[in-house]
Amino acid sequence: QVQLVESGGGLVQAGGSLRLSCAASGSIFSIDAMGWYRQAPGKQRELVATITTGGSTNYADSVKGRFTISRDNAKNTVYLQMNSLKPEDTAVYYCHCRALRIVTYWGQGTQVTVSS
């Protein structure tokens, strides 16, 4: 099993930046990919960005060009650099990993609030 701990959320004004971190522990060698999802009030959880162990990345159209996902394999940590934040980015951001191709793990979530 894998445990995920997120950090870095907070309150920023529109146009500001935040950097989220997610540290993985446990059966880390089983992880195929990691990423970030978010869930705004009254909305479905949606994919934000993912990165595979090989370094391939994928972004939601709504964040492409503003957010960057990266990974530090030595620290078993993934990051989400969020720039040019908009009020619609307000959500709980959840770290996610896929293990053994089909098993999914989630972090507890970190709140990101963007004021106008």
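The shown structure was predicted, so the numbers you read here are calculated from the model rather than taken from an experiment.
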Connected via hydrophobic side-chain network under 4.5 Å: Leu4 and Tyr79: no
Side chain proximity check, Lys86 to Val114, heavy atoms < 4.5 angstrom: no
Heavy-atom closest contact (Ser116 atom, Ala14 atom, distance): CA-CB, 4.4 Å
Transitive ILVMFWY side-chain link Val112 to Val92, under 4.5 Å: no
Expected output: side-chain Ser27 to main-chain Gln1 donor-acceptor under 3.5 Å: yes
Contact check, side chains of Thr53 and Met34, non-hydrogen atoms, under 4.5 Å: no
Between NZ on residue Lys64 and OG1 on residue Thr57, distance to nearest 0.5 Å: 9.0 Å
Path from Leu85 to Leu80 over hydrophobic side-chain contacts below 4.5 Å: yes
Aromatic ring pairing Trp106/Tyr94, orientation class (parallel under 30°, perpendicular over 60°, tilted between): perpendicular
Backbone of Gln108 reached by a side-chain donor or acceptor of Glu6 within 3.5 Å: yes
Ile69 backbone acceptor or donor facing Tyr59 side chain under 3.5 Å: yes
Salt bridge (Lys or Arg N to Asp or Glu O under 4.0 Å) assessment of Arg98 paired with Asp32: CA-CA 6 Å; Arg98 186 187 71 195; Asp32 303 313; 3.8 Å; yes
Asp89 vs Met82 side-chain heavy atoms within contact, under 4.5 Å: no
Parallel, tilted or perpendicular, as decided by the 30° and 60° cut-offs, for the rings of Phe67 and Tyr93: tilted
Check: Trp36 and Val78 side chains under 4.5 Å, non-hydrogen atoms: yes
Do any side-chain atoms of residues 43-51 form donor-acceptor pairs under 3.5 angstrom with protein atoms, and if so which ones, sequence neighbours left out?
unit_1 : atom_1 : unit_2 : atom_2 : d
Glu46  : OE2    : Arg38  : NE     : 2.8
Glu46  : OE2    : Arg38  : NH2    : 3.3

Common cluster, Val2/Leu100, ILVMFWY with side-chain heavy-atom separation under 4.5 Å: no
Atom pair OG1 (Thr77) and CG (Leu20), whose distance is rounded to the nearest 0.5 Å: 12.5 Å
SG on Cys97 to CD on Gln3, rounded to 0.5 Å: 9.5 Å
